[in-house]
Amino acid sequence: MWGRETILLKLGTVRWRGKCSRHPGYNPVTDGLAAIRGNCPRCNLLLEIYTHHQKALRLMREFQPVEPKPRAQAAHVGGQRSLFGEA
Ligand SMILES: [Zn+2]
């Protein structure tokens, strides 16, 4: 059914911001679990979202390590080609 098409998982870039209305100063990145006051469910959710995001990034890097950006190399190669082309 899938034929010869390449099957790949696509994930879009998500820009997400969240803040607890009762504890706007809580930052799960720097404060962690110990700083959650009164076991606040919103702060707990923020921490959980942050933890899952970090885990997702780690898994993606484990699956496919980040390669250096090819932009600079491509521009250099392109420049070389034009030099040889003119010679
Ligand atoms: Zn809170």
Side-chain angles (χ1 to χ4, degrees):
M1 183 174 181
W2 291 96
R4 289 187 168 189
E5 291 179 28
T6 304
I7 300 169
L8 56 97
L9 173 62
K10 277 189 176 181
L11 295 177
T13 304
V14 176
R15 202 164 177 83
W16 189 85
R17 291 168 190 242
K19 184 168 34 171
C20 178
S21 55
R22 292 179 61 193
H23 312 105
Y26 176 69
N27 182 348
V29 179
T30 54
D31 300 339
L33 180 65
I36 296 178
R37 294 182 186 176
N39 200 23
C40 174
R42 300 266 301 166
C43 288
N44 272 303
L45 275 175
L46 280 176
L47 180 62
E48 196 169 346
I49 290 165
Y50 172 69
T51 305
H52 281 270
H53 178 67
Q54 290 298 107
K55 185 177 180 183
L57 290 177
R58 193 176 66 241
L59 289 172
M60 284 187 266
R61 289 187 188 119
E62 185 181 321
F63 183 82
Q64 188 171 6
V66 178
E67 295 175 13
K69 291 184 180 177
R71 187 183 295 174
Q73 190 181 2
H76 180 72
V77 170
Q80 289 295 320
R81 275 191 197 146
S82 67
L83 281 174
F84 286 124
E86 290 171 9

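Sequential numbering from 1 along the given sequence is applied to the chain's residues. Both counts, for ligands and for their atoms, begin at 1 and track the order of listing. Only a predicted model underlies this, so the values are computations on that prediction, with no experimental measurement involved. The basis for the numbers below is simple: all heavy atoms, side chains too, and nothing from hydrogens, waters or symmetry mates.
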For [X], which fellow cluster members are found when Ile, Leu, Val, Met, Phe, Trp and Tyr are connected by side-chain heavy-atom distances below 4.5 angstrom, either directly or through intermediates?
X	value
L46	V14, W16, Y26, L33, I36, L47, I49
F63	none
L8	none

Residues C43, R37; criterion side chain to side chain contact (heavy atoms under 4.5 Å, CB included); working and verdict | CA-CA 8 Å; C43 288; R37 294 182 186 176; over 6 Å; no
Around the Zn ion (ligand 1), what protein N, O or S atoms are found below 2.8 Å?
->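 The answer is C20 SG, H23 ND1, C40 SG, C43 SG.
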Distance from E62 atom CD to Q64 atom CD, nearest 0.5 Å?
->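 The CD atom of Q64 is 12.5 Å from CD of E62, to the nearest 0.5 Å.
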Enter the distance from Y50:OH to D31:CG here, rounded to the nearest 0.5 Å.
->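 So the gap between those two atoms works out to 11.0 Å.
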